[in-house]
Protein chains: 2
Amino acid sequence: MKVLSKPSEYGLRALMFLVTKGEGKGYVNIREMAEELDISFHFLTKILQSLTQAGFLVSSRGPNGGISFARNPQQISLLDVLYVLEGQDFLSKCLLGLPGCGDFAPCPMHNSWAVMRVQLRNLFEHTNLSEVGQSVQLERLRLSP
Amino acid sequence: MKVLSKPSEYGLRALMFLVTKGEGKGYVNIREMAEELDISFHFLTKILQSLTQAGFLVSSRGPNGGISFARNPQQISLLDVLYVLEGQDFLSKCLLGLPGCGDFAPCPMHNSWAVMRVQLRNLFEHTNLSEVGQSVQLERLRLSP
DNA sequence: CAGTATTAAGAGTATTTTATCTTAAATTAA
DNA sequence: TTAATTTAAGATAAAATACTCTTAATACTG
Ligand code: SF4
Ligand code: SF4
């Protein structure tokens, strides 16, 4: 069961990295970041661009440029980020991959699954980047499972 | 968020089909099944072979051959089937796709996610093929989302 | 100004997943 | 025996996803 796509996974890892490594500093260099997280620089760049466009990050070109949070990471929920990286519908799919039959003839799992999706949504909504970033150790961010 | 792979999805659709179409009849022809479900015959065949090898189905070659449940579909849970089609670890992955850090330094979501995984496991465990098969209308099984 | 570093768009490659096709053997009904 | 049908293994193709590379513009620092 795959919850997140690789781009989402990398995006979150980068944001978590930024929480701990970006404290105090101004901008964090993307190239260094890519190296420390063991992610392709160009690939990471694209992901971060979408996060900048979405307003989570601000970027600066030129020497000592890089990215930085546009607002306090305590005020960015994982749900906000995942809506951008996964799309708005990432929590609204049928458990079995069938076309939506739930409204008229729900299978025995439909309602339970709907509840779980809400729970998951709440979990992502009430977890902010700051807290996950602080709780996951840096070394873990560069190891892929 | 993709819960099931295509092979799992197709396998379940085929089993659900077999619940309603297989009543009374002896063996159900795989070729017809593939046509009615709009799934490639060869692809479906491979999936069903693994379900036969796993002991859920019995098959018969020759004229009027096909597949049939080896045991009452009421006694086959979705969990049983998914363990075969998805692998044993399909409900044990990190929400964020990170390597297992939960035991030592769990992030704020780890425990909630663990609970949800158990809930989902229970849901799959306590839902049997017969009930889902009966509740989902046949036309739905041939439409892909 | 010179140099550095991001932004941007997109081409291109690689890998994985999904799907199709081929061939041949085994089994069964009639 | 003959035709129908699954089994089996594997080659191949297509599609989706993941990743890399190229180029050029832009903006900042010193
Ligand atoms: S009723 Fe069941 S099969 Fe249909 S959309 Fe809901 S969860 Fe999926
Ligand atoms: S602690 Fe959080 S990030 Fe780590 S394995 Fe558990 S859910 Fe994943």
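A, B, ... follow the sequence lines: proteins, then strands. Residue 1 opens every chain.
For dT6(D), the OP1/OP2 oxygens have no side-chain nitrogen or oxygen of Tyr27(B) closer than 4.0 Å. Contact check, Gln53(A) against dA8(C): a side-chain N or O comes under 4.0 Å of OP1 or OP2. The side chain of Lys2(B) contributes an N or O atom lying less than 4.0 Å from OP1 or OP2 of dT18(C). Taking only side-chain nitrogens and oxygens, Tyr10(B) never comes nearer than 4.0 Å to OP1 or OP2 of dT18(C).
Per the geometry, CZ belonging to Arg13(B) stands 14 Å off C1' belonging to dA19(C), to the nearest Å. The CG atom of Leu48(A) sits 8 Å away from the P atom of dT7(C) (whole-angstrom rounding). Separating the CD atom of Glu32(B) from the P atom of dT6(D) is a distance of 9 Å, rounded to the nearest angstrom. Regarding Met1(A), its CE atom lies at a distance of 17 Å from the P atom of dT17(C), rounded to whole Å. Rounded to an integer number of Å, the gap from Lys6(B) NZ to dA15(D) C1' is 12 Å. Ile47(A) has its CD1 atom 16 Å from the P atom of dA8(C), to the nearest Å. Whole-Å rounding puts the Gln49(B) CD to dT5(D) P distance at 17 Å. Distance CG (Leu51(B)) to P (dT6(D)): 15 Å, rounded to an integer number of Å.
Across all strands shown, Ile39(A) has no heavy atoms under 4.0 Å from either base or sugar-phosphate atoms. If you check every strand for non-hydrogen atoms under 4.0 Å, Ile30(A) touches sugar and phosphate atoms only.
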Open item on the list: Protein within reach of the bases, or only the backbone? For nucleotides 25-30 of chain D, mark each nucleotide 5' to 3' as B, S or -, using heavy atoms under 4.0 Å.
Closed with: -BBBS-

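Side-chain contact between Leu129(B) and Leu78(B) is present, with heavy atoms from C-beta onward closer than 4.5 Å. Residues Leu82(B) and Leu91(B) have side chains not in contact (no heavy-atom distance under 4.5 Å, counting atoms from C-beta outward). You'll find the side chain of Val28(A) stays beyond 4.5 Å of the side chain of Glu36(A), heavy atoms only. Using a 4.5 Å heavy-atom threshold, the side chains of Asp80(A) and Phe124(A) count as separate. Gln53(A) has its side chain out of reach of Val84(A): every pair of non-hydrogen atoms, C-beta onward, lies at least 4.5 Å apart.
Nearest heavy atom pair, residue Leu95(A) against residue Trp113(A), reads N-NE1, 3.3 Å. Heavy atoms only, all atoms of each residue included: His126(A) and Glu131(A) are closest at O-OE2, 3.4 Å.
Between dT7(C), dT6(D), dA18(D), one nucleotide has an atom nearer to the side chain of Asn29(B) than all others, and that is dT6(D).
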Between protein and nucleic acid, restricted to nucleotides 21-23 of chain D and to nitrogen or oxygen atoms under 3.5 Å apart, what atom pairs and distances do you find?
none

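In this structure, Phe41(B) is a member of the same hydrophobic cluster as Leu51(B), with clusters built from ILVMFWY side-chain heavy atoms closer than 4.5 Å.
Remark: side-chain polar atoms of Glu86(A) are paired, donor with acceptor, to backbone N or O of Ser5(A) under 3.5 angstrom.
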TODO: Show your working on side chain to side chain contact (heavy atoms under 4.5 Å, CB included) between Leu15(A) and Leu57(A) and close with a plain yes or no.
DONE: CA-CA 9 Å; Leu15(A) 292 170; Leu57(A) 302 173; 3.8 Å; yes

